Amino acid sequence: MTVRVRFSPAPTGYLHVGSARSALFNWMYARKTGGAFVLRIEDTDADRSQPQLVEAIRESLRWLGIDWDEEYRQSDRFDRYREVVEKLVADGRAYYCDNTPEEIKARVGEHGGYDGYSRDRGLGPGEGRVVRFRTPDDGTTAWDDVIRGRVEFDNADMDDFVIVRSSGVPMFHVANAYDDLDMGITHVVRGEDLVNATPRVLLLREAMGATEHPVYAHLPLIVNEQRKKLSKRRDDVAVGDYRSRGYLPEAFRNYLLTLGWGPKDDVEIRPIEELVERFDLVDINKAPAFFDVKKLDHFNGEYIRMLDLDTFVEQSAPYAIGPDGTPVDADLYRSLAPGVQERVRRYEEVPALLGWVVGPPPETPGKEWRKVMNKDLVPEVLDAVVARLAEGPWTPEHLGSVVMGVGDELGTRSQLPVRMAVTGSRAGLPLFEPMAALDRDEVLRRLRDARGRL
RNA sequence: GCCCCCAUCGUUCAGCGGCCUAGGACGCCUGCCUUUCACGCAGGUAACACGGGUUCAAAUCCCGUUGGGGGUGCCA
């Protein structure tokens with residue numbers, strides 16, 4: 001039997017970290033087994049689904065290198081769902097119900113939820129009527145989850161849930177159950193927040209005549225520092241945001257994979273092919289995992305440093321800009337790039353490294369400034385450097401020998417105060433090459449300004 | 001409230017009854033390299049939630065406690 005998995009997002013928001021991880025694990029499994037990966041847009045809720053978000057989701061998946069073999073949209077399939085629902089009604093497995101939300105609230109059954117009042121009233125379709133699935137009153141519904149082991153629910157705890165809205169539009173459970181059946185999905189890999197939906201879908205499948213069920217694998221949730229499920233509201237989770245902040249898709253994908261799973265040989269950062277080869281659903285962890293941006297940054301830094309120089313320059317060039325957006329000269333950037341490459345963990349860090357080359361240096365926090373500039377001999381260093389830089393060749397080599405020479409003569413570290421004066425920071429790129437790219441007057445002005453502030 | 005689930009360093013993955021005086025990675029700390037920072041290299045810090053069983057032997061199996069999470073929609 002060939003494996004068929006699916007990723008089924010609802011287009012109610014941008015692709016976020018949690019869904020991306022679900023998509024990724026499905027994709028990994030399909031690629032590992034040579035199976036098919038189906039993208040199914042679950043847009044049955046017309047009020048909340050936004051068509052333009054479908055393209056945004058597809059775009060984020062593509063960015064992550066997650067490609068799909070088939071694509072469907074549930075809104076194209078309403079007729080099919082209505083047809084199976086009619087069959088369910090005819091078979092006595094579902095029924096029309098005219099109870100209003102207020103009435104439902106009053107009608108709470110023994111186990112909570114709707115008490116099934118309309119079950120045998122023989123209602124037909126009509127204005128304001130929904131279709132409910134008639135859940136069994138006893139017995140249990142269970143499955144062997146690849147990740148969690150056996151999970152069991154008492155049918156008595158499930159109320160007769162709505163499967164078709166009063167608007168006539170089918171809902172999640174039917175659409176999902178029918179599509180998995182119709183599309184021959186063999187493995188359902190999704191977030192743990194969906195476990196409670198599984199018995200309902202299983203019951204629905206049986207009512208639709210299914211004799212076999214897919215293998216279910218419920219992924220542990222990705223949580224924030226409060227250990228709560230990542231939420232679009234509270235947390236910074238849109239995949240697109242990571243993209244624009246300068247994370248590499250390979251790094252992001254690789255990091256995502258280490259949440260809930262890891263290769264047995266402990267080598268975490270490696271080509272996707274090797275990860276696919278070692279991946280298996282049964283090895284996925286049960287406990288929720290915290291999305292640790294610090295570790296993501298480390299992964300991203302590693303991936304950035306693995307890039308060949310041309311690729312790095314090409315990808316990071318848009319970030320080589322000053323405070324007002326002025327781009328750094330392309331040739332200059334290229335010559336500076338090796339130094340940039342080993343210093344950034346995200347491309348968005350690039351401007352801080354060389355914005356001072358095309359714009360004013362950033363305002364240095366007073367504490368930082370004093371730490372460097374309140375040292376002995378700083379005035380002497382700055383005075384000497386200003387004096388000796390007034391003329392002479394304007395090359396990195398000469399700047400270096402002047403600054404270092406002053407330090408040698410005065411027996412102090414001369415680079416730090418000069419760096420602080422010129423770049424506004426005590427940390428950064430090797431100083432003299434970018435410094436030589438500034439005008440002599442500009443450098444002298446910055447040095448004198450700093451001297452004046454002492 | 002009711003239903004379902006989870007529990008190893010601060011974080012993450014490993015460990016599926018003896019190889020564990022618990023390993024890797026991130027973070028953090030120290031040192032080396034270096035007249036900045038970073039990279040790199042060498043070290044270090046730090047965990048089996050608790051209580052009962054089972055067993056010759058438990059981080060590993062069972063039960064309970066505690067703590068945490070998910071769900072409980074005419075959302076998916």
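Everything numeric here is computed off the predicted structure, so don't read it as measured data. Numbers restart at 1 for each chain; the letters A, B, ... are given by sequence-line order, proteins then strands.
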Open item on the list: Rounded to whole Å, please give me the gap between CG in A/L296 and C1' in B/rC13.
Closed with: 16 Å
- [ ] Look at all strands and tell whether A/E152 reaches a base, only sugar-phosphate, or nothing, counting heavy atoms closer than 4.0 Å.
- [x] sugar-phosphate
Open item on the list: Within 45 degrees of the ring normal and closer than 6.0 Å to the centroid, is that where the cationic atom of A/R40 sits relative to A/Y72?
Closed with: no
Open item on the list: For B/rG67, give the paired nucleotide (Watson-Crick: N1-N3 plus N6-O4 or O6-N4; G-U: N1-O2 and O6-N3; both under 3.5 Å), or none.
Closed with: B/rC6
Open item on the list: Tell me if the side-chain of A/R48 makes a donor-acceptor pair with the base of B/rC75, cut-off 3.5 Å, by modelled atom types.
Closed with: yes
Open item on the list: For a quick check of understanding: with a heavy-atom distance under 4.0 Å over all strands, which category does A/T412 fall into, base, sugar-phosphate or nothing?
Closed with: base
TODO: Using a 4.0 Å heavy-atom cut-off across all strands, classify A/G260 as base, sugar-phosphate, or nothing.
DONE: sugar-phosphate
- [ ] Can you tell me the pairing partner of B/rC33 across any strand shown, Watson-Crick or G-U wobble, with both distances under 3.5 angstrom?
- [x] none
Open item on the list: Whether the side chain of A/R343 and the base of B/rC37 hold a donor-acceptor pair under 3.5 Å is what I'd like checked.
Closed with: yes
Task: hbond_proxy A/T258 side chain to B/rC13 base (donor-acceptor, 3.5 Å cutoff) - done: no
Task: Quiz item: A/R419 side-chain donor-acceptor pair to B/rU36 base, under 3.5 Å - done: yes
Open item on the list: Does A/R150 qualify as a cation-pi partner of A/W143, given the criterion of NZ or CZ under 6.0 Å from the six-membered ring centre and within 45 degrees of its axis?
Closed with: no
- [ ] Could you please name the option among B/rC5, B/rC74, B/rC6 that lies closest to any side-chain atom of A/S166?
- [x] B/rC74
Task: Nucleotide opposite B/rC19 in a Watson-Crick or G-U pair, distances under 3.5 Å - done: none
TODO: Please say which of A/L410, A/D408, A/V403 ends up in a side-chain contact (heavy atoms from CB on, under 4.5 Å) with A/V406.
DONE: A/L410
TODO: State whether the side chain of A/N254 and the backbone N or O of A/R270 hold a donor-acceptor pair below 3.5 Å, judged by distance alone.
DONE: yes
Open item on the list: Both A/P263 and A/F153 contact RNA chain B. Taking the nearest nucleotide for each, which residue is further toward the 5' end?
Closed with: A/F153
Open item on the list: Taking the nucleotide of RNA chain B with the nearest heavy atom to each, does A/Q74 or A/D193 sit closer to the 5' end?
Closed with: A/D193
- [ ] Just say parallel, tilted or perpendicular for the rings of A/F279 and A/Y29, cut-offs at 30° and 60°.
- [x] perpendicular
Open item on the list: Suppose you measure atom P in B/rG70 against the same atom in B/rG15; what distance do you get, rounded to whole Å?
Closed with: 27 Å
Open item on the list: Classify A/L431 by what it touches in the nucleic acid, base, sugar-phosphate, or nothing, heavy-atom distance under 4.0 Å.
Closed with: nothing
Open item on the list: Using a heavy-atom cut-off of 4.0 Å across all strands, would you classify A/L194 as base, sugar-phosphate, or nothing?
Closed with: base
Open item on the list: With rounding to the closest Å, how many angstrom separate the P atoms on B/rU54 and B/rA14?
Closed with: 31 Å
TODO: Provide, to the nearest angstrom, the distance between the CZ atom belonging to A/F299 and the P atom belonging to B/rC39.
DONE: 16 Å
TODO: Answer yes if the side chains of A/N155 and A/T140 hold a donor-acceptor pair under 3.5 Å, and no otherwise.
DONE: no
Open item on the list: What is the separation between atom CG on A/L256 and atom P on B/rC13, rounded to the nearest whole Å?
Closed with: 12 Å
Open item on the list: Using Watson-Crick or G-U wobble geometry with both distances under 3.5 Å, which nucleotide pairs with B/rA38?
Closed with: none
- [ ] Whole angstrom is fine here: how far is it from CG in A/N254 over to C1' in B/rC13?
- [x] 13 Å
- [ ] Considering only atom P, compute the distance from B/rA59 to B/rC3 and round it to an integer number of Å.
- [x] 33 Å
- [ ] Answer yes or no for A/R21 and A/F25: cation-pi contact, defined as NZ/CZ to six-membered ring centre under 6.0 Å and angle to ring axis within 45°.
- [x] yes
Open item on the list: Looking at A/N285, I'd like to know whether one of its side-chain N or O atoms comes within less than 4.0 Å of OP1 or OP2 on B/rA14.
Closed with: yes
Open item on the list: At less than 3.5 Å, do the side-chain atoms of A/E268 and the base atoms of B/rG24 form a donor-acceptor pair?
Closed with: yes
TODO: Rounded to whole angstrom, note down the C1' distance from B/rG64 over to B/rG27.
DONE: 36 Å
Task: For B/rC61, the Watson-Crick or wobble counterpart (both distances under 3.5 Å) - done: B/rG53
Task: Watson-Crick or G-U wobble partner of B/rG1, both distances under 3.5 Å - done: B/rU72
Task: Protein-nucleotide distance (A/F172, atom CZ; B/rC75, atom P), rounded to Å - done: 12 Å
Task: Donor/acceptor link under 3.5 angstrom from A/K286 side chain onto base of B/rA7 - done: no
